[in-house]
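The figures that follow rest on heavy atoms only: side chains count, while hydrogens, waters and symmetry mates do not. For this chain, numbers begin at 1 and follow the sequence in order.
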Amino acid sequence: MLGVNLFYFGLFCDIIKLKKYLFLVIFDMSKIKKAVIPVAGFGTRFLPATKAMPKEMLPIIDKPVIQYIVEEAVESGIEDIILVTGASKRAIEDHFDYNYELQNWLKKQGKEGLRQEIKKIADLANFIYIRQKGPYGNGTPVLNAAKVIGNEPFAVIWGDEFFISPKKNRLKQLMDVYYKYGDPVLTAMAIDDEGTKKYGVIDGVKIEKNIYQIKKLVEKPGPEKAPSRIGVLGGYILTPDIFETLASTKIGQGGELWLVDAIFNLSKKRPIYACLVDGKYYDAGSKIGWLKANVDLALQRKDLAIDFKKYLKQLK
(Lines give C-alpha, C1' and ligand atoms only; values in the text may rest on other atoms or scores of the structure.)
Protein backbone atom coordinates (compact mmCIF):
# COMPACT_ATOMS: atom_id res chain seq x y z
CA MET A 1 0.00 0.00 0.00
CA LEU A 2 2.84 2.34 0.92
CA GLY A 3 4.52 1.57 -2.37
CA VAL A 4 1.35 2.46 -4.32
CA ASN A 5 1.01 5.73 -2.44
CA LEU A 6 4.63 6.62 -3.12
CA PHE A 7 4.09 5.81 -6.82
CA TYR A 8 1.13 8.19 -7.06
CA PHE A 9 2.97 10.83 -5.04
CA GLY A 10 5.90 10.60 -7.45
CA LEU A 11 3.55 10.79 -10.43
CA PHE A 12 1.88 13.87 -8.92
CA CYS A 13 5.28 15.54 -8.45
CA ASP A 14 6.22 14.74 -12.07
CA ILE A 15 2.98 16.33 -13.31
CA ILE A 16 3.66 19.46 -11.25
CA LYS A 17 7.19 19.65 -12.64
CA LEU A 18 5.87 19.19 -16.19
CA LYS A 19 3.29 21.93 -15.75
CA LYS A 20 5.95 24.25 -14.34
CA TYR A 21 8.27 23.44 -17.25
CA LEU A 22 5.54 24.04 -19.83
CA PHE A 23 4.63 27.33 -18.15
CA LEU A 24 8.24 28.49 -18.23
CA VAL A 25 8.64 27.46 -21.89
CA ILE A 26 5.42 29.20 -22.96
CA PHE A 27 6.22 32.31 -20.94
CA ASP A 28 9.77 32.43 -22.28
CA MET A 29 8.48 32.19 -25.85
CA SER A 30 6.18 35.13 -25.20
CA LYS A 31 8.96 37.31 -23.76
CA ILE A 32 10.11 40.11 -26.01
CA LYS A 33 13.77 39.57 -26.79
CA LYS A 34 14.12 41.09 -30.27
CA ALA A 35 13.87 44.65 -31.54
CA VAL A 36 13.81 45.87 -35.13
CA ILE A 37 15.34 49.29 -35.78
CA PRO A 38 14.92 50.59 -39.36
CA VAL A 39 17.90 52.78 -40.28
CA ALA A 40 17.83 52.77 -44.09
CA GLY A 41 16.46 56.30 -44.61
CA PHE A 42 18.40 59.03 -46.40
CA GLY A 43 18.14 61.62 -43.61
CA THR A 44 17.34 64.42 -46.05
CA ARG A 45 16.38 66.86 -43.28
CA PHE A 46 20.04 66.98 -42.22
CA LEU A 47 21.67 67.32 -45.63
CA PRO A 48 24.46 68.00 -46.41
CA ALA A 49 25.69 66.55 -43.08
CA THR A 50 24.02 63.21 -43.88
CA LYS A 51 25.42 62.95 -47.40
CA ALA A 52 28.13 60.61 -46.12
CA MET A 53 27.08 60.07 -42.48
CA PRO A 54 23.90 58.30 -41.32
CA LYS A 55 21.47 60.61 -39.51
CA GLU A 56 21.32 57.99 -36.75
CA MET A 57 25.00 58.69 -36.04
CA LEU A 58 24.47 62.40 -35.38
CA PRO A 59 25.74 62.98 -31.84
CA ILE A 60 23.70 64.01 -28.84
CA ILE A 61 26.65 65.54 -26.95
CA ASP A 62 29.17 62.69 -27.37
CA LYS A 63 26.92 59.72 -28.10
CA PRO A 64 25.13 59.02 -31.41
CA VAL A 65 21.33 59.02 -31.45
CA ILE A 66 21.20 55.32 -32.34
CA GLN A 67 23.11 54.38 -29.19
CA TYR A 68 20.48 55.99 -26.95
CA ILE A 69 17.86 53.88 -28.71
CA VAL A 70 19.83 50.63 -28.47
CA GLU A 71 20.55 51.26 -24.78
CA GLU A 72 16.82 51.74 -24.14
CA ALA A 73 16.10 48.41 -25.82
CA VAL A 74 18.79 46.56 -23.88
CA GLU A 75 17.65 48.10 -20.59
CA SER A 76 14.19 46.68 -21.37
CA GLY A 77 15.51 43.13 -21.74
CA ILE A 78 16.09 43.02 -25.51
CA GLU A 79 18.88 40.63 -26.50
CA ASP A 80 18.85 40.77 -30.31
CA ILE A 81 19.01 44.13 -32.10
CA ILE A 82 18.01 43.82 -35.77
CA LEU A 83 19.18 46.85 -37.72
CA VAL A 84 17.63 47.12 -41.19
CA THR A 85 20.13 49.18 -43.14
CA GLY A 86 20.69 50.69 -46.57
CA ALA A 87 23.49 52.30 -48.56
CA SER A 88 25.94 54.55 -46.69
CA LYS A 89 25.02 53.05 -43.30
CA ARG A 90 28.30 51.21 -42.68
CA ALA A 91 29.17 53.66 -39.90
CA ILE A 92 26.38 52.20 -37.76
CA GLU A 93 27.81 48.71 -38.09
CA ASP A 94 31.29 50.01 -37.26
CA HIS A 95 29.99 51.82 -34.19
CA PHE A 96 28.55 48.64 -32.65
CA ASP A 97 31.58 46.55 -33.58
CA TYR A 98 34.89 46.11 -31.73
CA ASN A 99 37.60 48.51 -32.81
CA TYR A 100 40.70 46.75 -31.50
CA GLU A 101 43.10 49.31 -32.98
CA LEU A 102 41.34 52.13 -31.11
CA GLN A 103 41.12 50.06 -27.94
CA ASN A 104 44.84 49.24 -28.03
CA TRP A 105 45.71 52.89 -28.63
CA LEU A 106 43.58 54.00 -25.67
CA LYS A 107 45.22 51.36 -23.49
CA LYS A 108 48.69 52.60 -24.44
CA GLN A 109 47.61 56.16 -23.64
CA GLY A 110 46.51 55.07 -20.17
CA LYS A 111 42.83 55.80 -20.92
CA GLU A 112 41.47 52.52 -19.60
CA GLY A 113 38.12 53.99 -18.53
CA LEU A 114 37.45 55.27 -22.03
CA ARG A 115 38.63 51.97 -23.53
CA GLN A 116 36.13 50.06 -21.41
CA GLU A 117 33.37 52.47 -22.42
CA ILE A 118 34.13 51.88 -26.10
CA LYS A 119 34.28 48.10 -25.61
CA LYS A 120 30.90 48.00 -23.82
CA ILE A 121 29.17 49.42 -26.91
CA ALA A 122 29.85 46.22 -28.85
CA ASP A 123 28.84 44.11 -25.85
CA LEU A 124 25.40 45.73 -25.50
CA ALA A 125 23.53 43.09 -27.51
CA ASN A 126 23.67 40.60 -30.35
CA PHE A 127 23.58 42.79 -33.46
CA ILE A 128 22.01 41.50 -36.68
CA TYR A 129 22.14 43.48 -39.92
CA ILE A 130 19.70 43.16 -42.82
CA ARG A 131 19.79 45.16 -46.06
CA GLN A 132 16.39 46.66 -46.81
CA LYS A 133 14.69 45.26 -49.91
CA GLY A 134 11.29 46.18 -51.27
CA PRO A 135 9.14 49.27 -51.71
CA TYR A 136 9.81 52.52 -49.87
CA GLY A 137 8.00 52.97 -46.57
CA ASN A 138 8.49 52.11 -42.93
CA GLY A 139 6.59 48.84 -43.26
CA THR A 140 9.24 47.32 -45.54
CA PRO A 141 12.08 47.01 -42.98
CA VAL A 142 9.70 45.30 -40.54
CA LEU A 143 8.68 42.82 -43.23
CA ASN A 144 12.35 42.26 -44.10
CA ALA A 145 12.96 41.08 -40.51
CA ALA A 146 10.23 38.40 -40.57
CA LYS A 147 12.54 35.37 -40.88
CA VAL A 148 14.78 36.60 -38.08
CA ILE A 149 11.85 37.32 -35.76
CA GLY A 150 10.06 34.04 -36.38
CA ASN A 151 6.96 33.35 -34.28
CA GLU A 152 7.74 35.77 -31.44
CA PRO A 153 6.44 39.13 -30.24
CA PHE A 154 8.96 41.88 -30.91
CA ALA A 155 9.62 45.60 -30.63
CA VAL A 156 9.98 48.16 -33.41
CA ILE A 157 11.68 51.47 -32.64
CA TRP A 158 12.81 54.19 -35.01
CA GLY A 159 16.48 55.08 -35.17
CA ASP A 160 16.08 58.85 -34.79
CA GLU A 161 13.69 59.41 -31.88
CA PHE A 162 13.77 58.57 -28.21
CA PHE A 163 12.27 59.30 -24.80
CA ILE A 164 13.94 60.29 -21.56
CA SER A 165 11.75 58.84 -18.80
CA PRO A 166 12.14 59.53 -15.06
CA LYS A 167 11.30 56.02 -13.81
CA LYS A 168 10.72 53.39 -16.48
CA ASN A 169 11.84 53.72 -20.08
CA ARG A 170 9.39 53.93 -22.96
CA LEU A 171 9.89 50.40 -24.29
CA LYS A 172 9.49 48.83 -20.85
CA GLN A 173 6.21 50.73 -20.40
CA LEU A 174 4.95 49.26 -23.68
CA MET A 175 6.11 45.78 -22.68
CA ASP A 176 4.20 45.96 -19.40
CA VAL A 177 0.99 46.64 -21.35
CA TYR A 178 1.73 43.77 -23.74
CA TYR A 179 2.39 41.30 -20.90
CA LYS A 180 -0.91 42.29 -19.32
CA TYR A 181 -3.14 42.14 -22.41
CA GLY A 182 -1.18 40.00 -24.91
CA ASP A 183 -1.92 42.24 -27.91
CA PRO A 184 0.08 44.81 -29.93
CA VAL A 185 0.87 48.11 -28.20
CA LEU A 186 1.67 51.51 -29.72
CA THR A 187 3.46 54.51 -28.23
CA ALA A 188 1.09 57.41 -27.59
CA MET A 189 1.58 60.99 -26.40
CA ALA A 190 -0.72 63.86 -25.53
CA ILE A 191 -0.64 66.42 -28.36
CA ASP A 192 -1.97 69.91 -29.04
CA ASP A 193 -3.80 71.24 -32.11
CA GLU A 194 -0.53 71.59 -34.01
CA GLY A 195 0.32 67.99 -33.18
CA THR A 196 -2.81 66.77 -34.97
CA LYS A 197 -1.14 67.97 -38.20
CA LYS A 198 2.09 66.09 -37.50
CA TYR A 199 1.02 62.74 -36.03
CA GLY A 200 -1.52 60.00 -36.45
CA VAL A 201 -4.35 60.46 -33.93
CA ILE A 202 -6.20 57.67 -32.15
CA ASP A 203 -9.91 57.22 -31.73
CA GLY A 204 -10.04 54.87 -28.76
CA VAL A 205 -11.56 53.76 -25.48
CA LYS A 206 -9.74 54.35 -22.21
CA ILE A 207 -9.18 50.97 -20.53
CA GLU A 208 -7.21 52.17 -17.53
CA LYS A 209 -4.78 54.93 -16.65
CA ASN A 210 -2.62 55.74 -19.70
CA ILE A 211 -3.94 52.75 -21.69
CA TYR A 212 -6.41 52.95 -24.58
CA GLN A 213 -7.88 50.32 -26.86
CA ILE A 214 -7.73 51.72 -30.38
CA LYS A 215 -10.86 51.80 -32.53
CA LYS A 216 -9.36 53.81 -35.37
CA LEU A 217 -6.16 55.60 -36.39
CA VAL A 218 -6.46 58.83 -38.37
CA GLU A 219 -3.30 60.04 -40.08
CA LYS A 220 -2.58 63.78 -39.53
CA PRO A 221 -6.26 64.82 -39.53
CA GLY A 222 -5.81 68.41 -38.31
CA PRO A 223 -7.56 69.89 -35.25
CA GLU A 224 -11.05 70.01 -36.78
CA LYS A 225 -11.19 66.33 -37.75
CA ALA A 226 -9.04 64.83 -35.00
CA PRO A 227 -11.03 62.34 -32.85
CA SER A 228 -8.80 63.03 -29.82
CA ARG A 229 -5.64 64.80 -28.70
CA ILE A 230 -3.65 61.60 -28.38
CA GLY A 231 -1.02 61.11 -31.05
CA VAL A 232 0.75 57.92 -32.08
CA LEU A 233 4.54 58.00 -32.33
CA GLY A 234 7.20 55.48 -33.31
CA GLY A 235 7.73 52.62 -30.89
CA TYR A 236 5.64 49.44 -31.02
CA ILE A 237 5.28 46.01 -29.52
CA LEU A 238 4.01 43.82 -32.33
CA THR A 239 2.96 40.20 -32.69
CA PRO A 240 4.15 37.97 -35.57
CA ASP A 241 0.78 38.09 -37.33
CA ILE A 242 1.78 41.59 -38.45
CA PHE A 243 3.99 40.00 -41.14
CA GLU A 244 1.11 38.36 -42.98
CA THR A 245 -0.89 41.56 -42.64
CA LEU A 246 2.00 43.65 -43.99
CA ALA A 247 2.45 41.32 -46.94
CA SER A 248 -1.20 41.83 -47.91
CA THR A 249 -1.34 45.57 -47.18
CA LYS A 250 -1.67 47.75 -50.26
CA ILE A 251 0.95 50.33 -51.12
CA GLY A 252 -0.27 53.58 -49.61
CA GLN A 253 0.36 57.32 -49.65
CA GLY A 254 3.43 58.39 -51.63
CA GLY A 255 3.77 54.94 -53.15
CA GLU A 256 5.10 53.57 -49.86
CA LEU A 257 4.29 50.59 -47.62
CA TRP A 258 3.18 52.04 -44.28
CA LEU A 259 3.39 50.09 -41.03
CA VAL A 260 0.48 52.06 -39.56
CA ASP A 261 -1.75 50.89 -42.44
CA ALA A 262 -0.93 47.28 -41.61
CA ILE A 263 -1.56 47.89 -37.90
CA PHE A 264 -4.96 49.36 -38.74
CA ASN A 265 -5.75 46.29 -40.86
CA LEU A 266 -4.65 44.05 -37.99
CA SER A 267 -6.94 45.96 -35.60
CA LYS A 268 -9.91 44.52 -37.52
CA LYS A 269 -8.87 41.05 -36.31
CA ARG A 270 -7.57 41.64 -32.79
CA PRO A 271 -7.34 44.38 -30.13
CA ILE A 272 -4.63 47.02 -30.49
CA TYR A 273 -3.65 49.15 -27.51
CA ALA A 274 -1.94 52.51 -27.09
CA CYS A 275 0.13 53.44 -24.04
CA LEU A 276 0.48 57.09 -23.07
CA VAL A 277 4.19 57.09 -22.31
CA ASP A 278 5.53 58.82 -19.22
CA GLY A 279 8.61 60.67 -20.43
CA LYS A 280 9.94 63.48 -22.60
CA TYR A 281 9.97 62.84 -26.33
CA TYR A 282 12.80 63.92 -28.63
CA ASP A 283 12.51 63.81 -32.40
CA ALA A 284 16.23 63.79 -33.17
CA GLY A 285 15.40 63.34 -36.85
CA SER A 286 14.38 67.01 -37.01
CA LYS A 287 16.80 69.89 -36.57
CA ILE A 288 14.87 71.55 -33.75
CA GLY A 289 14.32 68.22 -31.97
CA TRP A 290 18.02 67.38 -32.25
CA LEU A 291 18.99 70.79 -30.86
CA LYS A 292 16.55 70.45 -27.94
CA ALA A 293 17.95 67.02 -27.09
CA ASN A 294 21.51 68.37 -27.04
CA VAL A 295 20.58 71.32 -24.82
CA ASP A 296 18.46 69.33 -22.36
CA LEU A 297 20.91 66.46 -21.99
CA ALA A 298 23.88 68.82 -21.69
CA LEU A 299 22.12 70.54 -18.78
CA GLN A 300 21.79 67.13 -17.08
CA ARG A 301 25.51 66.36 -17.36
CA LYS A 302 27.60 67.08 -14.29
CA ASP A 303 30.67 67.75 -16.43
CA LEU A 304 28.86 70.28 -18.63
CA ALA A 305 25.89 71.78 -16.79
CA ILE A 306 27.61 74.59 -14.85
CA ASP A 307 29.62 76.02 -17.75
CA PHE A 308 26.76 75.50 -20.21
CA LYS A 309 24.27 77.33 -17.98
CA LYS A 310 26.70 80.24 -17.69
CA TYR A 311 26.94 80.39 -21.46
CA LEU A 312 23.17 80.25 -21.96
CA LYS A 313 22.63 83.10 -19.49
CA GLN A 314 24.93 85.28 -21.59
CA LEU A 315 22.79 84.83 -24.70
CA LYS A 316 20.32 87.52 -25.65
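Panel note: side chain Gln213, backbone Ile207; no donor-acceptor pair is recorded below 3.5 Å. Side chain of Asp203 to main chain of Lys215: no donor-acceptor pair is present (N/O by atom type, distance under 3.5 Å, no hydrogens or angles). Checked by atom type and distance alone, the side chain of Glu256 never pairs as donor or acceptor with a backbone atom of Asn138 at under 3.5 Å. For the pair Asn169 (side chain) and Ser165 (backbone), a donor-acceptor distance under 3.5 Å is absent. Not one N or O on the side chain of Asp283 forms a donor-acceptor pair closer than 3.5 Å with the backbone of Gly289. Thr140 places a side-chain N or O within 3.5 Å of a backbone atom of Pro135 that can act as its donor or acceptor partner. Put simply, the side chain of Thr239 never gets that close to the backbone of Pro184: no donor and acceptor are under 3.5 Å apart.
Applying the ring-ring contact (aromatic ring centres under 6.0 Å, His included) test to Phe154 and every residue at least two apart in sequence or in another chain returns Phe243. Residues passing the ring-ring contact (aromatic ring centres under 6.0 Å, His included) test with Phe42: none are found, sequence neighbours excluded. When the salt bridge (charged side-chain N to carboxylate O under 4.0 Å, His left out) test is applied to Arg270, the partners found at least two apart in sequence or on another chain are Asp183, Asp241. Legend: residues meeting side chain to side chain contact (heavy atoms under 4.5 Å, CB included) with Pro59, ordered by chain and number and at least two apart, are absent. The salt bridge (charged side-chain N to carboxylate O under 4.0 Å, His left out) test applied to Lys111 returns no partner, not counting sequence neighbours. For Tyr68, the ring-ring contact (aromatic ring centres under 6.0 Å, His included) partners two or more places apart in sequence, or in a different chain, are Phe162. Lys180 is linked by a salt bridge (charged side-chain N to carboxylate O under 4.0 Å, His left out) to Glu208, counting only residues two or more places apart in sequence or in another chain.
The CG atom of Leu106 sits 5.0 Å away from atom CG of Leu114, with the distance rounded to the nearest 0.5 Å. Distance CG/Asp160 to OH/Tyr282: 15.5 Å, rounded to 0.5 Å. Put simply, NZ on Lys33 and CD1 on Ile149 are 12.5 Å apart, with the number rounded to the nearest 0.5 Å. Interatomic distance, Ile121 CD1 to Glu71 CD, rounded to the nearest 0.5 Å: 8.0 Å. Atom-to-atom distance recorded for Lys269:NZ and Ser267:OG is 10.5 Å, nearest 0.5 angstrom. Ile66 contributes atom CD1, which lies 12.0 Å from atom CD1 of Ile60 (distance to the nearest 0.5 angstrom).
Tyr199 and Trp158 fall into different hydrophobic clusters, defined by Ile, Leu, Val, Met, Phe, Trp and Tyr side-chain heavy atoms under 4.5 Å apart, directly or through other members. Note on Ile242 and Val36: same hydrophobic cluster, where clusters join Ile, Leu, Val, Met, Phe, Trp and Tyr whose side-chain heavy atoms are under 4.5 Å apart, directly or indirectly. Tyr178 and Ile214 are not part of a single hydrophobic cluster, where members link through side-chain heavy atoms under 4.5 Å apart. Cluster membership check: Ile130 does not share its hydrophobic cluster with Ile157, using side-chain heavy-atom separations under 4.5 Å among Ile, Leu, Val, Met, Phe, Trp and Tyr. In the hydrophobic clustering of this structure, Val232 groups with Leu276; members are Ile, Leu, Val, Met, Phe, Trp, Tyr whose side-chain heavy atoms approach within less than 4.5 Å, directly or through other members.
Applying the salt bridge (charged side-chain N to carboxylate O under 4.0 Å, His left out) test to pairs two or more places apart or on separate chains, those with a residue in residues 220-230 are Asp193-Arg229. Sorted by first then second residue, the ring-ring contact (aromatic ring centres under 6.0 Å, His included) pairs that include residues 254-275, not counting sequence neighbours, are Tyr181-Tyr273. Sorted by first and then second residue, the pairs that involve residues 296-306 and meet salt bridge (charged side-chain N to carboxylate O under 4.0 Å, His left out), not counting sequence neighbours, are Asp62-Arg301, Lys280-Asp296, Arg301-Asp303.
Salt bridge status for Glu72 with Arg170: present, with a side-chain N to carboxylate O gap under 4.0 Å. With salt bridges taken as basic N to acidic carboxylate O contacts below 4.0 Å, none links Glu117 and Lys120. A salt bridge links Lys34 with Glu152: at least one charged nitrogen is closer than 4.0 Å to a carboxylate oxygen.
Applying the under-4.5 Å side-chain rule to Ile, Leu, Val, Met, Phe, Trp and Tyr, the cluster around Val295 extends to Leu299, Phe308, Tyr311, Leu312, Leu315. Through chains of ILVMFWY side-chain contacts below 4.5 Å, Tyr100 is grouped with Tyr98.
Pro54 places none of its side-chain heavy atoms less than 4.5 Å from the side chain of Val39. Between Arg131 and Thr85, the closest side-chain pair of non-hydrogen atoms falls below 4.5 Å. Side-chain contact between Ile191 and Thr196 is present, with at least one heavy-atom pair separated by less than 4.5 Å. A 4.5 Å side-chain heavy-atom check between Tyr236 and Ile263 finds at least one atom pair inside the cut-off. At least one side-chain heavy atom of Ile164 sits under 4.5 Å from a side-chain heavy atom of Leu297.
Closest non-hydrogen pair, Ser286 versus Arg45, comes out as CB-NH1, 3.7 Å. Minimum heavy-atom separation, Glu161 to Tyr281: OE1-OH, 2.7 Å. Here the closest non-hydrogen pair linking Cys275 and Leu174 is CB-CD2, 3.7 Å. Across all non-hydrogen atoms, the minimal contact from Leu47 to Thr50 is N-OG1, 3.4 Å. Nearest heavy-atom pair, Lys89 versus Gly41, reported as atom, atom and distance to 0.1 Å: NZ-O, 2.8 Å. A pairwise comparison of heavy atoms in Leu171 and Ala155 identifies CD1-CB, 3.9 Å as the closest pair.
Atom CD1 of Ile61 sits in a crowded spot, with more than 12 heavy atoms from other residues, nucleotides or ligands closer than 6.0 Å. Sparse packing is recorded around NZ of Lys292, with 12 or fewer heavy atoms of other residues, nucleotides or ligands lying under 6.0 Å away. The local environment of CD in Gln116 is crowded, with over 12 non-hydrogen atoms from other residues, nucleotides or ligands closer than 6.0 Å. Atom OH of Tyr129 is surrounded by more than 12 heavy atoms from other residues, nucleotides or ligands within 6.0 Å.
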Verdict with reasoning, Val70 to Phe127, per side chain to side chain contact (heavy atoms under 4.5 Å, CB included): CA-CA 10 Å; Val70 168; Phe127 292 95; 4.0 Å; yes
Side chain to side chain contact (heavy atoms under 4.5 Å, CB included) assessment of Lys119 paired with Gln103: CA-CA 7 Å; Lys119 180 179 179 296; Gln103 287 190 47; 3.8 Å; yes
Stepwise side chain to side chain contact (heavy atoms under 4.5 Å, CB included) check, Leu246 with Leu259: CA-CA 7 Å; Leu246 263 170; Leu259 180 58; 4.1 Å; yes
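A side chain to side chain contact (heavy atoms under 4.5 Å, CB included) with Leu186 is found for exactly one of Leu217, Leu233, Ile237, namely Leu217. The only option from Lys63, Glu56, Met57 that meets the side chain to side chain contact (heavy atoms under 4.5 Å, CB included) definition with His95 turns out to be Met57.
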